[in-house]
Structures are given as C-alpha cells and as structure tokens.
Amino acid sequence: MFAPLLFCALLWDEAGAWGFKDGVLHNSIWLERAAGVYHRESRSGKYRLTYAEAKAVCEYEGGHLATYQQLEAARKIGFHVCAAGWMAKGRVGYPIVKAGANCGFGRTGIVDYGIRLNRSERWDAYCYNPNGKECGGVFTDSRHVFRSPGYPQPYENEQVCYWHIRVAFGQRVRLRFLDFDVEEDTACLADFLEVYDSYDDLNGFVGR
C-alpha cells in the first residue's frame, strides 16, 4: 500500500543525487525549475541581503521576489530550504517539507516571520522567475494524464518535470504508462523517470 504521498520525477539530463544536507533537500535544484521558485544567498554568504539587495538579486536574474503563495506552491511539491529569506512586499520566511527540531520548530509549512518594518534587516532571498517554470505540479484528481511539454513532439534537452500525486490515507495510486520513450541508456543514467512514495527520497524510493 502506498503512503498518502507519491511523487513522480521525470528528469532529462544532468540528474543528481537526492538527500538532506545543511537543511536543504537536494532535489530542490530540480524543484526550482519545476516551480519557478529558487533560493539565493549573497555572494558573501548567508543572511547578508537587505530587502533592496534581495530584490536586485532576483531582478538581475530576470525574476522578482516570490510571493508567499508562490513559495507555498513550490513547497507543496517538495521545495524545502531551512533558511529565512525575503519575499515580495517585505515578508520573510522559509518553506519546510520535513519537520525537524532545528528547522521549522517541528512543523511543516511556510515558517512566516511576517512583513518586516525594518527593510535593512539581512536575510536570504526567495525569487520567482516565470520563465524558469517548466512542468509539474500537485494533483489530487482521481485520474490525471501527465505529458511532457510539447507532446507528442520530443522533449527539450535538460527538461525537468516533477509531479506530486496526493491521495487520502489508505488509498492506492496506480501508474499506467500509455506512451514512454526516453534516450536509450541501458544503465538508466541519462534520461529517466523515478517514483517516490514520500518526501523522504532515501527511504521513499520506489524505483527508476
């Protein structure tokens, strides 16, 4: 029986390892591309950006500071960073997927420090770039068909898709492949699809 959460990550080219390290879920680099939200520090290190500087960092990369709603949408598909950062309208917070004693005060969700009156405080930044959003999302429907962008045309190089299937506890999830074609690689190290049944990519791995 599957747990209440199930994830499908369809990743083409440049796939890396998953796992938590220093409060960051290592699959977050893929999720950034699926959700369009990403975390940035100052070049000089953690918690060095004023609000104006955080805005400038995001705008320099073609985006803007993420809204609370955009950060929450990313969190819902697994975006987890244990570092407070500026958001739009001077808000500060960070997304927690997996509760821990040293991160998120034992809770999941957006750890919200609220709108800061002192815009000279120094934090990291959460940016949103709509052009960075590729494919993926959260699905709760009883039936859903996943397609790569542009299907039935070939997918682009370095395409990343990340889907989160959420069902009630005790329900099963059935995956049925109607048409599946990726780059030929007997070792399955180039283009591949992986399935996980929880946010824990170490214990939740189902198969590739």
Side-chain angles (χ1 to χ4, degrees), residues 7 9 11-136 156-162 164 199-202:
F7 302 88
L11 307 162
W12 296 286
D13 298 335
E14 297 186 3
W18 284 29
F20 280 93
K21 182 178 180 183
D22 300 326
V24 177
L25 187 63
H26 279 196
N27 70 340
S28 289
I29 188 63
W30 297 340
L31 293 173
E32 288 177 355
R33 296 176 61 183
V37 174
Y38 52 96
H39 168 259
R40 286 290 181 266
E41 294 181 356
S42 164
R43 291 181 179 178
S44 57
K46 187 175 181 179
Y47 296 161
R48 300 288 180 87
L49 299 172
T50 65
Y51 178 67
E53 290 168 343
K55 283 184 65 177
V57 166
C58 297
E59 290 169 1
Y60 177 79
E61 297 181 347
H64 55 75
L65 284 171
T67 65
Y68 180 96
Q69 292 77 16
Q70 288 165 343
L71 189 61
E72 172 62 5
R75 189 198 69 82
K76 283 182 176 178
I77 61 170
F79 187 57
H80 173 110
V81 183
C82 188
W86 290 105
M87 291 178 274
K89 299 182 180 179
R91 202 166 191 165
V92 170
Y94 58 96
I96 294 297
V97 167
K98 186 174 182 179
N102 299 320
C103 193
F105 308 101
R107 301 189 303 269
T108 60
I110 302 296
V111 178
D112 188 5
Y113 293 4
I115 294 176
R116 314 306 291 174
L117 298 178
N118 181 3
R119 301 295 173 89
S120 296
E121 291 179 5
R122 295 186 180 272
W123 306 97
D124 291 345
Y126 286 100
C127 305
Y128 176 77
N129 186 343
N131 297 320
K133 186 171 183 177
E134 301 201 16
C135 70
E156 299 290 334
N157 290 331
E158 301 183 14
Q159 179 71 59
V160 176
C161 294
Y162 189 91
H164 174 181
Y199 285 118
D200 186 343
D201 50 285
L202 301 179

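Atom set for the values below is all heavy atoms of this structure, side chains included, hydrogens, waters and symmetry mates excluded. We're numbering straight along the sequence, starting at 1.
- Listed by first and then second residue, the side chain to side chain donor-acceptor pair (under 3.5 Å) pairs involving residues 87-96 are Arg91-Asp112 (not counting sequence neighbours).
- Residues Met87 and Leu71 approach most closely at SD-CD2, 3.6 Å, considering heavy atoms.
- Under the rule for a salt bridge (Lys or Arg N to Asp or Glu O under 4.0 Å), the partners of Arg122 that lie at least two apart in sequence or sit in another chain are Glu53.
- For the residue pair Gly104 and Val111, the shortest heavy atom distance occurs at CA-CG2, 3.7 Å.
- With hydrogens and angles ignored, the 3.5 Å screen pairs a side-chain donor or acceptor of Trp86 with a backbone N or O of Leu49.
- Listed by first and then second residue, the ring-ring contact (aromatic ring centres under 6.0 Å, His included) pairs involving residues 53-72 are His64-Tyr128 (not counting sequence neighbours).
- Residues satisfying the salt bridge (Lys or Arg N to Asp or Glu O under 4.0 Å) test with Glu121, not counting sequence neighbours, are Arg116.
- The shortest non-hydrogen separation linking Asp124 to Arg48 is OD1-N, 4.5 Å.
- Taking OH of Tyr51 as the start and CH2 of Trp123 as the end, the distance is 15.5 Å to the nearest 0.5 Å.
- Closest approach of Thr108 and Ala99 over heavy atoms only: CG2-N, 3.8 Å.
- Residues forming a side-chain contact (heavy atoms from CB on, under 4.5 Å) with Ser120 (at least two apart in sequence, or on another chain): Asn118.
- Shown here for Ala83 and Lys46, the closest heavy-atom pair between the two residues is CB-CE, 3.8 Å.
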Pair Arg75, Ile96 - check side chain to side chain contact (heavy atoms under 4.5 Å, CB included), show working. CA-CA 7 Å; Arg75 189 198 69 82; Ile96 294 297; 5.5 Å; no
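- The minimum heavy-atom distance between Cys58 and Leu65, with the atom names listed, is SG-CD2, 3.7 Å.
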